[in-house]
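I have placed the structure first, in the form of structure tokens, so that the comments after it can refer back to it.
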Number of protein chains: 2
Amino acid sequence: MDGQKVRNMEEFAALSGISRPTLSKYFHDPDSVRNSTREKIELALSEHDYRPNIFAINQNRRTTNNIGIVVPFLADPFFAEIARNLEQRCIAAGYAPMLFSAHGDPALECEILDSLRQQKPAGVLLAPLGRASDRKHVEKFVADVPTVVFDNNLPDMGSSFVGMDNTQSMRMLVEYLCASGSPPNFFEMRVAVNPNVNRRRNAYIAAMEALGHTPEIIRVDGDGWEFEEIGRQGGLTAFATGRFTSDTILCSNDRLAIGLLSAAFTSDIKVGRGPNARLRIAGHDDHPFSRFTCPSLTTVSQDYASMSDKSLEILMQMIDSEHQAQSQKDFLFDGILTKRASA
Amino acid sequence: MDGQKVRNMEEFAALSGISRPTLSKYFHDPDSVRNSTREKIELALSEHDYRPNIFAINQNRRTTNNIGIVVPFLADPFFAEIARNLEQRCIAAGYAPMLFSAHGDPALECEILDSLRQQKPAGVLLAPLGRASDRKHVEKFVADVPTVVFDNNLPDMGSSFVGMDNTQSMRMLVEYLCASGSPPNFFEMRVAVNPNVNRRRNAYIAAMEALGHTPEIIRVDGDGWEFEEIGRQGGLTAFATGRFTSDTILCSNDRLAIGLLSAAFTSDIKVGRGPNARLRIAGHDDHPFSRFTCPSLTTVSQDYASMSDKSLEILMQMIDSEHQAQSQKDFLFDGILTKRASA
DNA sequence: CCCTAGATTTTACGCGCGTTAAAATAAATG
DNA sequence: CATTTATTTTAACGCGCGTAAAATCTAGGG
């Protein structure tokens, strides 16, 4: 390729000896032109390295090649990991992912959706903030743009959802903990950041009662996304005031559990399933760091890969069928019990 | 505002009674029109909610309102946190951040830069992969687009750099560790992922020698970005084979230290500065999770806020002065010794 | 060799906004 | 009130590409 800059498709048409409309077809779908002309184009392409102007393209197409990925808090490694999975799958599917984080701020979430809308994305993968989300705003967006909601559903919104079956996973955890030791207390934040949290609590209660045990819930104060710190502070006071009624604590999520582990360590309470351990702790989500805590954290894994695949699969269906009978469905994945050293 | 969709600026001009060129000026800079007309426009805006088509705008402007943020691995909470800082500051400065992660893949890094270039961003904040980066590719990009490199410099590239002073921080750590106990071994990965790693090792050596101690470096195998796992595996074998010559281990970064902590726990080696602890471990970077490890990790903090501010400040200067005498400078920040329980 | 379906070229218009120059108007000045 | 100065309007072109219609060409089948 040479250094001469090709200004536009017109110029490249002259250089390659192919007409502009044909080039336009080619760039939209290389397989839509005859083999011989494709070869000519690609030859010229290798000599002049021209790329069509993306803004001019997008101005004239009804929809772009972008897929928006919106998560509530990207600095949470859990979402970072999901985002990574989704991004790579988008790329593999020939789309250009655009990643956004609401940073825990509902107003920012709205702004992101607004700016995303005018970007005319082919589709959007949205993990909403949850309780804090502006429902109406999200609803409007979902109605206009092909969207798959994931991780955390806002019910009755008319969109498909991909997430995990919290009821199944919590029951599984409770049953395991009961079978291997004392029935667990449930450790959570007082303010439920999203519907998943409520589902998990309810599933805990149901599972405990089904086994003939009395549920016991410890709620800690704190707002925001600093779950570890909240779990740590809550744990410290809970230990100090003897609020736990069991030697087994099931946490609403791994980040809280990580904080609780820290509190236990500070309080000199040995955690694990060994004979001289005084406490068992379990979490939920298989946070990327859970395998490196001391002791490593027993938890429920989400199958990132399958869930990402499913999300994109559904989104692509929506894109292809152009809003046609979206058949709005929920896809719930089973969690995988991941036994480690903490319980 | 009503539901009627305003198709374009022409239509909105008719509705608002303001001519299109004036509207164009207004949307570019609301303060560039007379107060009375601005009020008229904003009144009409509140009634019809029209937003200019972003693609048409960007096609005709030489540069957009976007600032690209590129990090090597977003699933690393360290970069997630930096990205969060940078994003919020971009927004505050009136820009629209676009976040990209190379996911540890040099080819992807190149693609990101290529697609970023045709996005005509106002500027780019780039943390390169490091050793794996395609230097020439990055160099070309930096020459074309106003760019501030951060976290991890590729020297002699003609761009400004904002990062921390690894020499200062390692010396500080070494001095602290020596003053409070035995001189440390240095624990790192065999393959240096980026120049920072080399600087840290050299700084360790220099600081040790300055204090009259013999440097001792333990290198562990492993490639990729799973630092915790690498640290853990390397730690396990090092403990098993007795490769450490000191009871104090200084790790090249926090993630490695987190893995080493996990290995120590598994190996039943108590870590900390208490009387019955057998090992001290320190890290570098103040990873978001370092305060929740068991024991909490002694490390060097980077001042995310100041570094983000500085990066954007320099970038804005470059944008304003339009490539004019970039005065390419490096801005190194001192680390802050953060003493916790592990050393 | 002719024929025909399918591919390509020609021609021309449209997308929504940036931008400019000249003309018209409004505000500020004395 | 006349004049200067700052804004706005009018009119028109350009940006780079999508796309449609008609004309022309190509390849494969008979």
Side-chain angles (χ1 to χ4, degrees), chain A residues 4-45 48-66 96 115 117-122 322, chain B residues 4-45 48-66 96 115 117-122 322:
Chain A
Q4 312 186 50
K5 308 236 163 102
V6 185
R7 311 181 64 93
N8 54 35
M9 208 179 266
E10 199 83 47
E11 242 179 76
F12 184 68
L15 288 171
S16 62
I18 305 289
S19 74
R20 196 169 68 70
T22 304
L23 287 175
S24 180
K25 275 192 77 180
Y26 168 83
F27 284 115
H28 178 42
D29 175 11
D31 291 326
S32 66
V33 301
R34 200 185 294 150
N35 282 25
S36 55
T37 63
R38 178 169 56 251
E39 280 161 16
K40 281 187 212 162
I41 295 175
E42 279 162 3
L43 177 68
L45 223 38
H48 299 286
D49 100 297
Y50 154 79
R51 297 182 69 168
N53 179 306
I54 197 172
F55 299 110
I57 292 178
N58 289 340
Q59 177 174 32
N60 293 309
R61 299 184 80 66
R62 217 190 72 262
T63 176
T64 70
N65 194 32
N66 298 116
S115 76
R117 191 202 308 271
Q118 67 171 0
Q119 290 277 354
K120 301 190 286 189
E322 308 225 14
Chain B
Q4 310 187 51
K5 310 235 162 99
V6 184
R7 310 180 65 92
N8 53 36
M9 208 180 266
E10 199 82 48
E11 242 179 76
F12 185 67
L15 288 170
S16 62
I18 304 289
S19 73
R20 196 169 69 70
T22 304
L23 287 175
S24 180
K25 274 192 78 179
Y26 168 82
F27 283 113
H28 178 41
D29 175 12
D31 292 325
S32 66
V33 302
R34 201 185 292 152
N35 282 23
S36 55
T37 63
R38 178 169 56 247
E39 281 161 17
K40 281 187 211 165
I41 294 175
E42 278 162 4
L43 177 68
L45 223 40
H48 299 286
D49 99 299
Y50 155 77
R51 298 182 69 167
N53 180 306
I54 196 173
F55 300 110
I57 291 177
N58 288 340
Q59 177 175 30
N60 292 311
R61 297 184 82 63
R62 217 191 69 261
T63 174
T64 70
N65 194 31
N66 298 115
S115 75
R117 190 202 309 269
Q118 66 171 0
Q119 290 277 354
K120 301 190 284 189
E322 309 224 12

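To find a chain, count down the sequence lines: A is the first, B the second, and so on, and within it residues start at 1.
Listed by chain and residue number, A:H28, A:I57 satisfy the side chain to side chain contact (heavy atoms under 4.5 Å, CB included) test with A:R61 (two or more places apart in sequence, or in another chain). Taking A:D29 as the reference, nothing meets the side-chain hydrogen bond (donor to acceptor under 3.5 Å, both in side chains) condition, with sequence neighbours excluded. In this structure, B:R34 has no salt bridge (charged side-chain N to carboxylate O under 4.0 Å, His left out) partners at least two apart in sequence or on a different chain. Not counting sequence neighbours, the partners of A:R38 by the side-chain hydrogen bond (donor to acceptor under 3.5 Å, both in side chains) test are A:N35. Residues passing the side-chain hydrogen bond (donor to acceptor under 3.5 Å, both in side chains) test with A:T22, sequence neighbours excluded: A:S19. Under the side-chain hydrogen bond (donor to acceptor under 3.5 Å, both in side chains) criterion, B:R51 pairs with no residue, sequence neighbours left out. Applying the ring-ring contact (aromatic ring centres under 6.0 Å, His included) rule to B:Y26 yields no partners; only residues at least two apart in sequence or on another chain are considered. Under the side chain to side chain contact (heavy atoms under 4.5 Å, CB included) criterion, B:E10 pairs with B:N8, B:R20, sequence neighbours left out. Among residues two or more places apart in sequence or in another chain, the side chain to side chain contact (heavy atoms under 4.5 Å, CB included) test is passed with A:K40 by A:I18.
The outermost nucleotides of DNA chain C lying under 4.0 Å from heavy atoms of chain A, listed 5' to 3', are C:dA7 to C:dG16.
One can place CD1 of A:I57 at 5 Å from P of D:dG18, the figure rounded to the nearest angstrom.
Taking a 4.0 Å limit (strictly below) on heavy-atom distances, residues 34-41 of chain A reaches DNA chain C at A:R34, A:T37. Listed in residue order, the members of residues 20-32 of chain B having a heavy atom less than 4.0 Å from DNA chain C are B:R20, B:P21, B:S24.
For the pair B:N58 (side chain) and A:F55 (backbone), a donor-acceptor distance under 3.5 Å is absent.
Among the heavy atoms of the strands, none lies under 4.0 Å from B:F12.
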